[in-house]
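Here is the naming used below: chain letters follow the sequence lines, and residue numbers restart at 1 for every chain.
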Number of protein chains: 2
Amino acid sequence: MQYTLRQLAYLVAVADHGSVTAAANALYTSQPGISSAIAQLEAQFGLQFFIRHHAKGVSLTPAGQSFVAAARNLLAHAEDLSQHASALSQSLQGNLELGCFTTIAPIFLPRLLAAMREDYPDISVRLHEGDTEQLQQALLSGQTELALLYDLDLAPSLYRQTLQTVLPYVLLPAAHPLAGQVAVSLQDLAPLPMVLLDLPHSREYFLSVFRLQGLEARVRHKTVNFELVRGLVAAGNGYALLNLRPQTPQSYAGDQLVCLPIVEEVPALNIVLAWPQELRLTRRAEAFVTLCERSISRLG
Amino acid sequence: MQYTLRQLAYLVAVADHGSVTAAANALYTSQPGISSAIAQLEAQFGLQFFIRHHAKGVSLTPAGQSFVAAARNLLAHAEDLSQHASALSQSLQGNLELGCFTTIAPIFLPRLLAAMREDYPDISVRLHEGDTEQLQQALLSGQTELALLYDLDLAPSLYRQTLQTVLPYVLLPAAHPLAGQVAVSLQDLAPLPMVLLDLPHSREYFLSVFRLQGLEARVRHKTVNFELVRGLVAAGNGYALLNLRPQTPQSYAGDQLVCLPIVEEVPALNIVLAWPQELRLTRRAEAFVTLCERSISRLG
DNA sequence: TCAACTGCATCGCTTTTTACGATGCAAGAA
DNA sequence: TTCTTGCATCGTAAAAAGCGATGCAGTTGA
């Protein structure tokens, strides 16, 4: 047998009241219950905690003194755990584990996190970047509570809240022959060399844009590095399809870029906030979801 | 309802094994038991600790991570309490609360405590000096576990272990007319002025020595201070009856004293080690009792 | 001295909780 | 598909907790 927290609470109450009966009254329970709890503790530890004075309550033995002090400490610790738990579910403080798709991160997160810090200064967001696969894995295993990513082949068990719908665009160097047009046709692009953003799911998505038109892209370069795609395009290594639009027309190298819409009708992508469907969100996570919803208008 | 330590242990085991079933096996209990313990904890705190993966166990949510860490901490603390308790009952270390009669203390304790430190260096004896009344009170209320005192009007609920039997003796200044005798008669003493050691019970005892002979002592001075009695006697203020014999024939003032036996048959006093009868001694207290028994021969 | 009272322990009973095997169900693996 | 895995639920059995009644030893107060 193992002792229970309740037994300890009874023990401490008896020590405080100097009487089993008084403790029972204070705890709104019966005297025999307290009595047997004490007896059990004493039996379990082979110690005598109280000296029984007939008709005059009980008093602590030296061993009892010492044990009660330790028991009090443990009970306080147990109380802490309850507090900790309520803080986890109730309070708007603590950690929020947030997953975010690599390329989405630099576009949206700076403002979102700033807004979070503004509205909920006591919530610290811990960021986990990764590709769709990794983010989904982290969500399902519970490493992160929320993830900001594309709605690309997500498990049906994930609930998705759409934040923004984005259409792919064509990225060209400013000096490109097609750069002067209002929009570019996939027909015109297909024969040209392409720079592919080579991330799981994204990869297939960009290629499918062509396939749906019965076309096939010619990939010259592949990279998982979004900014490298822009750099390669800017330097004349080909065109690229992308979804996200940094607000700068220059590559890191300083070359000029242009973004042009696609003439054909192409599948849009949803940027979503996702979490396991069966998981009840903490208040921290809810706060973030709400904040994202409110920020949608500003996100574009 | 309040959570229990067992529920926490189950929770932690599930977190460690990543599976309810595995935890049940490890703890030699049934899977439904674990399952419901988790469910109860989650319900109580309004939190979800695990994400259930069909046919693939469970994994911790962020809240679960945090809670399990805290739970582990509390369980470790609970384990500490058990350790603490066994240390209290089993180990020969820690505190021993010892009561000692004021006048007995300087005679016996120095050697006894030295022997204790020698044999049980990890037991620290905390000393409570006092008169019979105070010592008995401390024993019965549990403030001290043992007391070294005279067996004078002790409550029958105290168990007594006799360490030494002492006869009262007559204390005289070296220059006193009776000081040359081998023994002194109470008849000769009764008319002389007496210096009385005025402690509860001791007081009555010394006077009863005369009364039992049909005599009445003439008390000139009373004091609770043992050494003051010796000083007063040495300076010629009267004779005294005492039980304990310091091994020095001089008072603090440097005057010479002599101790003489009493001619008549007088009641002896027992120096005893006492403790509440119903109290099971700790191993520390037992160690002290044993050491006292062994030291009896040396005590004289 | 005696009767009334106090306060802890024990007993028997009821209620609640815990434990466990059986079963169901959903998703992964073959 | 079919089999397997693993958690949840259900019904029953065992254990524990709670409680009123009672006993008993010692205290209190007349």
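Looking at A:Arg52 and A:Glu42, a side-chain N of the basic residue comes within less than 4.0 Å of a carboxylate O on the acidic one, giving a salt bridge.
Of the listed nucleotides (D:dC7, C:dT18, D:dC19), D:dC7 has the atom at the smallest distance from the side chain of B:Val20.
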Which pairs, protein N/O on one side and nucleotides 10-14 of chain C N/O on the other, fall under 3.5 Å?
none

Scan nucleotides 1-4 of chain D against the protein and return all N/O pairs shorter than 3.5 Å with their distances rounded to 0.1 Å.
none

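Annotation: B:Tyr3 is in aromatic contact with B:Phe45 [ring centroid separation under 6.0 Å].
In this structure, B:Gln2 places its CD atom 16 Å from C1' of D:dA17, rounding to the nearest Å. One interatomic measurement links the two molecules: CZ of A:Arg6 to P of D:dA16, which rounds to 14 Å at whole-angstrom precision. The nearest whole Å value for the distance from the CD1 atom in A:Ile51 to the P atom in C:dA9 is 13 Å. Distance CD1 (A:Ile38) to P (C:dA9): 9 Å, rounded to an integer number of Å. Spacing between atom OH of A:Tyr3 and atom P of D:dA16 amounts to 18 Å, rounded to whole angstrom units. Counting to the nearest Å, the P atom of C:dT17 and the CG atom of B:Leu5 are 18 Å from each other. Per the geometry, CG belonging to B:Leu158 stands 15 Å off C1' belonging to D:dG26, to the nearest Å. Remark: P of C:dT18 and OH of B:Tyr28 are 23 Å apart, rounded to the nearest angstrom.
Taking 4.5 Å as the limit, some side-chain heavy atom of A:Ile38 sits within range of a side-chain heavy atom of A:Leu11. Using a 4.5 Å heavy-atom cutoff, the side chains of A:Phe108 and A:Cys100 are not in contact.
Listed by chain and number, the residues in a salt bridge (Lys or Arg N to Asp or Glu O under 4.0 Å) with B:Asp198 are B:Arg203 (sequence neighbours excluded). Qualifying ring pair (Phe, Tyr, Trp, His ring centres under 6.0 Å) partners for B:Phe49, counting only residues two or more places apart in sequence or in other chains: B:Phe67. The side-chain contact (heavy atoms from CB on, under 4.5 Å) test applied to A:Gln83 returns A:Glu79, not counting sequence neighbours.
Using bins of under 30°, 30° to 60° and over 60° for the plane-to-plane angle, the ring pair B:His77/A:His77 lands in the perpendicular bin.
Listed pair A:Arg52 / D:dA25 fails the phosphate criterion, with no side-chain N or O lying under 4.0 Å from OP1 or OP2. The phosphate of D:dT5 has neither OP1 nor OP2 within less than 4.0 Å of any side-chain N or O from B:Thr21. A sub-4.0 Å separation between OP1 or OP2 of D:dC19 and a side-chain N or O of A:Ser30 is present. Within the 4.0 Å cut-off from OP1 or OP2 of C:dA19, at least one side-chain nitrogen or oxygen of B:Tyr10 is found.
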Trace of the side chain to side chain donor-acceptor pair (under 3.5 Å) decision for A:Glu133 with A:His201
CA-CA 8 Å; A:Glu133 213 56 61; A:His201 301 286; 2.9 Å; yes
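With rounding to the nearest 0.5 angstrom, the CD atom of A:Gln137 is 13.5 Å from the NE2 atom of A:His128.
Exactly one residue among A:Ile271, A:Asn270, A:Ile104 makes a side-chain contact (heavy atoms from CB on, under 4.5 Å) with A:Val166. That residue is A:Ile271. Residue A:Phe101 forms a side-chain contact (heavy atoms from CB on, under 4.5 Å) with just one option from A:Leu199, A:Leu148, A:Leu152, and that option is A:Leu199.
Within the helix from C:dT1-D:dA30 to C:dA30-D:dT1, the inter-axis angle between the opening and closing five-pair segments is 20°, rounded to 10°.
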